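Source: prediction; values computed, not measured. Residue numbers start from 1 in every chain, and the chains themselves are labelled A, B, ... in the order their sequence lines are given, proteins ahead of strands. Scope of the values below: all heavy atoms of this structure, side chains included, with no hydrogens, waters or symmetry mates.
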Number of protein chains: 2
Amino acid sequence: METRITLKELAASLNLSVSTVSKSLNDSTEISPITKRRVTELATLKRYVPNNMAQNLRGKKTKTLGIIIPNIFSDFFAEALSSMEEQSDKRGYNIIISFTNDSLEKEIECINKLIHRRVDGIIISPTLTESQFGSSTHLNKLSEYNIPLVLFDRILDNVACDKVGLNESLLAEEATLDLCKLGCKKIAYFSNISNTSIGNQRISGYSDAIKKIKGKKQIINFHKIDLKISLKHLIGTNSIDSILADDGLSSILIVKSILELGYRIPEDISMLNFSNGIFSHYLSPSLTAIDSKPIEQGKIAVDILIDRIEDRLSPELLDFRLEVSLVHRESTRRLVPSI
Amino acid sequence: METRITLKELAASLNLSVSTVSKSLNDSTEISPITKRRVTELATLKRYVPNNMAQNLRGKKTKTLGIIIPNIFSDFFAEALSSMEEQSDKRGYNIIISFTNDSLEKEIECINKLIHRRVDGIIISPTLTESQFGSSTHLNKLSEYNIPLVLFDRILDNVACDKVGLNESLLAEEATLDLCKLGCKKIAYFSNISNTSIGNQRISGYSDAIKKIKGKKQIINFHKIDLKISLKHLIGTNSIDSILADDGLSSILIVKSILELGYRIPEDISMLNFSNGIFSHYLSPSLTAIDSKPIEQGKIAVDILIDRIEDRLSPELLDFRLEVSLVHRESTRRLVPSI
DNA sequence: CTGAAAGCGCTTACAG
DNA sequence: CTGAAAGCGCTTACAG
């Protein structure tokens with residue numbers, strides 16, 4: 001079935017040696033223009049395609065990156081992945097993509113598979129479990145195989161490698177202070193990812209901000225409550241005037257509940273969330289959100305990884321934290337201009 | 001930098017031949033248990049990992065599939081891709097994923113790259129341009145390389161290969177008839193993808209249904225109108241009582257416009273759309289939609305491709321069209337039970 | 001039970 | 001300018 005033509009067959013048809021044919025195809029200066037032309041012509045005619053496997057076997061590099069992310073169901077990961085693919089392509093690298101669905105077991109399997117496939121480097125956004133319990137031996141072992149690793153978005157402290165992400169704590173603090181600036185005084189954080197490293201950083205940033213504005217800390221674990229009942233109580237007792245939410249999905253549910261309870265956004269409650277996905281644009285009301293720049297982050301992660309692979313970086317490990325900005329939309333009150 | 005241990009080094013340390021070590025590692029029955037143990041112990045200790053490149057070079061198969069899709073920003077493709085990844089993994093295949101962003105040029109590049117990489121097979125959902133103009137020489141040439149191809153979701157007639165998708169025409173017809181059954185009489189189709197093969201099939205199915213119910217055909221090209229003005233006019237003049245929309249995004253915009261115009265869904269206008277994405281679930285009102293079963297479709301595409309690769313299929317090409325169903329939600333009227 | 005040898009398809013010193 | 005030879009890391013007939 002596999003009938004693709006090889007260098008050897010090409011050489012035979014041309015009455016040339018394999019070396020000459022190979023050099024011709026690689027446009028080596030050693031070869032005469034006439035021979036080159038003969039070779040390339042036949043190669044085109046016979047649809048010769050070099051065997052990457054053989055080339056890589058000699059070259060020791062596979063020009064392939066492994067990318068491991070939890071899923072592509074959030075806009076953040078979808079856009080980040082898309083951007084990584086584009087940038088890898090631009091720099092001449094292929095990618096092998098795996099999704100863990102936040103299963104640590106699958107993540108470990110993936111890592112092993114990528115080692116087997118001899119990828120030149122790996123970008124990973126680890127599972128939440130891992131970020132909770134920090135059992136990252138499978139990541140740390142990559143250095144023993146000399147496979148560069150870039151930790152993306154979900155950054156772990158116990159892994160020594162290049163890192164690309166956000167300053168989640170600072171971000172949460174700024175978001176909280178922003179709500180305050182817009183006139184909110186009772187700001188609750190509905191956390192959807194508590195107990196993870198990112199979740200904890202956000203909580204810490206939120207807490208710092210609340211302390212600064214001398215407010216009352218109200219951290220609500222999204223998974224542990226009956227949303228509608230909680231909201232009814234919180235708003236009814238005038239305990240909150242604004243909500244900081246983790247992701248698009250929880251925002252949607254919160255908005256839906258608030259509206260169904262008969263309250264208005266932003267008049268009664270302001271909403272701000274960490275995910276600037278397509279939801280935030282198109283929901284009614286549209287949501288003020290933190291633009292975490294997945295496109296830029298993805299590109300940077302790929303660039304750092306390839307630079308590391310190609311030895312263009314100084315040995316110190318990078319810890320790149322992107323500056324991000326708030327996108328104000330309908331879900332938060334306008335700032336009343338002071339005269 | 002690359003210091004991974006090879007069979008040869010392993011053999012040297014053990015005072016064995018390369019063949020014996022190789023066989024031991026592959027658990028061959030030729031080798032004595034004692035030797036096997038010695039070998040595997042040292043291999044583990046030294047973290048030996050076989051070089052896939054070399055293995056593939058001998059075996060002629062790469063156990064790798066190429067997957068080319070336009071993007072992962074719709075829930076459909078995201079879920080389909082996720083499912084393909086899972087199924088490939090289950091069956092022992094790796095995948096290389098590329099996104100075309102609906103650029104035919106990028107698609108052609110991808111195909112060439114995958115040929116170079118000697119993938120065992122390819123699944124593709126072609127660009128819209130291609131589905132409009134049908135210039136598919138780059139797809140047809142795959143058969144010359146003996147690379148099996150599965151056309152996914154966006155199915156072209158001019159490519160001879162296995163196909164997995166929906167019966168878009170039937171689907172559109174049934175959706176239209178369903179609206180009719182729910183009491184709608186003036187059904188407009190807001191097409192977001194006219195001029196593509198899928199778009200045309202849907203239009204034809206919609207047209208058939210309209211003919212059956214003796215209604216008036218109203219096909220509106222989503223891109224060519226000012227949405228709000230059009231809707232105001234159509235609803236104001238009582239020209240439509242229901243809308244069939246292509247995808248999630250256009251549905252959102254339509255819903256938003258209708259609500260802003262002060263009309264109610266489904267009381268004034270019923271909405272049904274072809275995309276059962278997360279939007280359809282969570283929008284207020286939630287949207288009645290066609291469940292196109294991306295998970296199942298993705299799995300089937302992978303299974304067919306691998307079965308084709310492994311020669312488990314009869315030579316006739318498959319054209320698999322999945323049965324799908326409507327999911328009724330808030331955006332369409334309830335059926336009034338007849339007594 | 002073990003090993004020497006050939007070969008997968010390429011590239012690249014080296015020789016002529 | 002062309003070619004013979006070695007070698008990338010493996011597997012698998014074949015011989016012993």
Side-chain angles (χ1 to χ4, degrees), chain A residues 1-40 42-43 46-64 115-120 145-147, chain B residues 1-40 42-43 46-64 115-120 145-147:
Chain A
M1 165 131 175
E2 291 286 322
T3 54
R4 264 164 275 179
I5 195 170
T6 66
L7 266 196
K8 206 164 131 188
E9 295 165 312
L10 224 45
S13 310
L14 289 161
N15 266 321
L16 285 170
S17 74
V18 173
S19 349
T20 305
V21 175
S22 169
K23 284 174 195 159
S24 301
L25 259 15
N26 291 320
D27 207 20
S28 155
T29 49
E30 292 180 42
I31 307 296
S32 77
I34 311 138
T35 310
K36 271 190 197 169
R37 186 136 36 82
R38 282 185 63 213
V39 173
T40 46
L42 189 70
K46 297 271 190 187
R47 291 187 211 85
Y48 170 75
V49 174
N51 184 327
N52 270 193
M53 297 286 140
Q55 290 177 315
N56 290 331
L57 188 54
R58 289 221 74 213
K60 294 307 188 61
K61 287 289 178 190
T62 56
K63 286 270 181 182
T64 300
I115 295 175
H116 277 252
R117 303 221 89 208
R118 291 279 200 282
V119 292
D120 295 340
Y145 291 102
N146 279 318
I147 301 178
Chain B
M1 167 133 174
E2 292 286 321
T3 52
R4 265 165 275 180
I5 196 169
T6 67
L7 267 195
K8 207 164 127 188
E9 295 165 314
L10 224 44
S13 311
L14 289 160
N15 264 321
L16 286 170
S17 73
V18 174
S19 351
T20 305
V21 175
S22 170
K23 285 174 194 160
S24 301
L25 258 15
N26 291 320
D27 207 19
S28 156
T29 50
E30 291 180 43
I31 307 296
S32 77
I34 310 138
T35 309
K36 272 189 197 169
R37 186 136 35 83
R38 279 185 64 213
V39 173
T40 46
L42 189 68
K46 296 272 190 186
R47 289 188 211 86
Y48 169 75
V49 174
N51 184 328
N52 269 195
M53 298 284 139
Q55 289 177 316
N56 290 331
L57 187 55
R58 290 220 73 212
K60 294 305 187 63
K61 288 288 179 189
T62 55
K63 286 272 183 177
T64 301
I115 295 175
H116 276 254
R117 302 221 90 208
R118 291 279 199 284
V119 292
D120 294 340
Y145 291 103
N146 280 318
I147 300 178

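Distance, A/R58 CZ to D/dC10 C1': 15 Å, rounded to whole Å. A straight line from CG of B/D27 to P of D/dT12 spans 14 Å, rounded to a whole angstrom. Remark: C1' of D/dG9 and CD of B/E9 are 10 Å apart, rounded to the nearest angstrom. In this structure, the CG atom of B/L7 is 13 Å from the C1' atom of D/dT12, given to the nearest Å. Look at CZ on A/R118: it is 13 Å from P on D/dC8, rounded to the nearest Å. Note: CD1 (B/I31) to P (C/dG3) measures 8 Å, nearest angstrom. A/I34 has its CD1 atom 10 Å from the C1' atom of D/dC1, to the nearest Å. Whole-Å rounding puts the B/N26 CG to D/dG9 P distance at 17 Å.
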Just the atom pairs and distances: protein N or O near nucleotides 13-16 of chain D's N or O, under 3.5 Å.
{"unit_1": "D/dA13", "atom_1": "N6", "unit_2": "B/K23", "atom_2": "NZ", "d": "3.2"}

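In this structure, C/dT2 and D/dA15 make a Watson-Crick or G-U wobble pair, each of the two defining distances being under 3.5 angstrom.
In terms of phosphate contacts, B/T6 brings no side-chain nitrogen or oxygen within less than 4.0 Å of OP1 or OP2 of D/dC8. An OP1 or OP2 oxygen of D/dG9 is reached within less than 4.0 angstrom by no side-chain nitrogen or oxygen of B/S22. Taking only side-chain nitrogens and oxygens, B/Q55 comes nearer than 4.0 Å to OP1 or OP2 of D/dT11. The shortest distance between the side-chain N/O atoms of B/S32 and the OP1/OP2 oxygens of C/dT2 is below 4.0 Å. Checking the phosphate oxygens (OP1, OP2) of C/dC8, no side-chain nitrogen or oxygen of A/N51 falls inside 4.0 Å. Distances shorter than 4.0 Å separate some side-chain N or O of B/S17 from OP1 or OP2 on C/dG3.
Here A/N56 contributes atom CG and B/M53 contributes atom CE; the two are 5.0 Å apart, rounded to the nearest 0.5 Å.
The heavy-atom pair separating B/V49 from A/I115 by the smallest distance is CG2-CG2, 3.8 Å. Annotation for B/A11 and B/V18: closest pair CB-N, 3.8 Å, computed over non-hydrogen atoms. Taking every heavy atom of both residues into account, A/L10 and A/L42 meet most closely at CD1-CD2, 3.8 Å. Residue B/P50 comes nearest to B/Q55 through the heavy atom pair CB-NE2, 3.6 Å, listed as atom of the first residue, atom of the second, then distance.
In this structure, the salt bridge (Lys or Arg N to Asp or Glu O under 4.0 Å) partners of B/R47, at least two apart in sequence or on a different chain, are A/E144.
Contact annotation for B/T20: base contact, defined as any heavy-atom pair under 4.0 Å involving a base atom. A/N56 comes within 4.0 angstrom of no nucleic acid atom, judged by non-hydrogen atoms across all strands.
B/T64 is not listed as a side-chain neighbour of B/R117, based on a closest heavy-atom distance of 4.5 Å or more.
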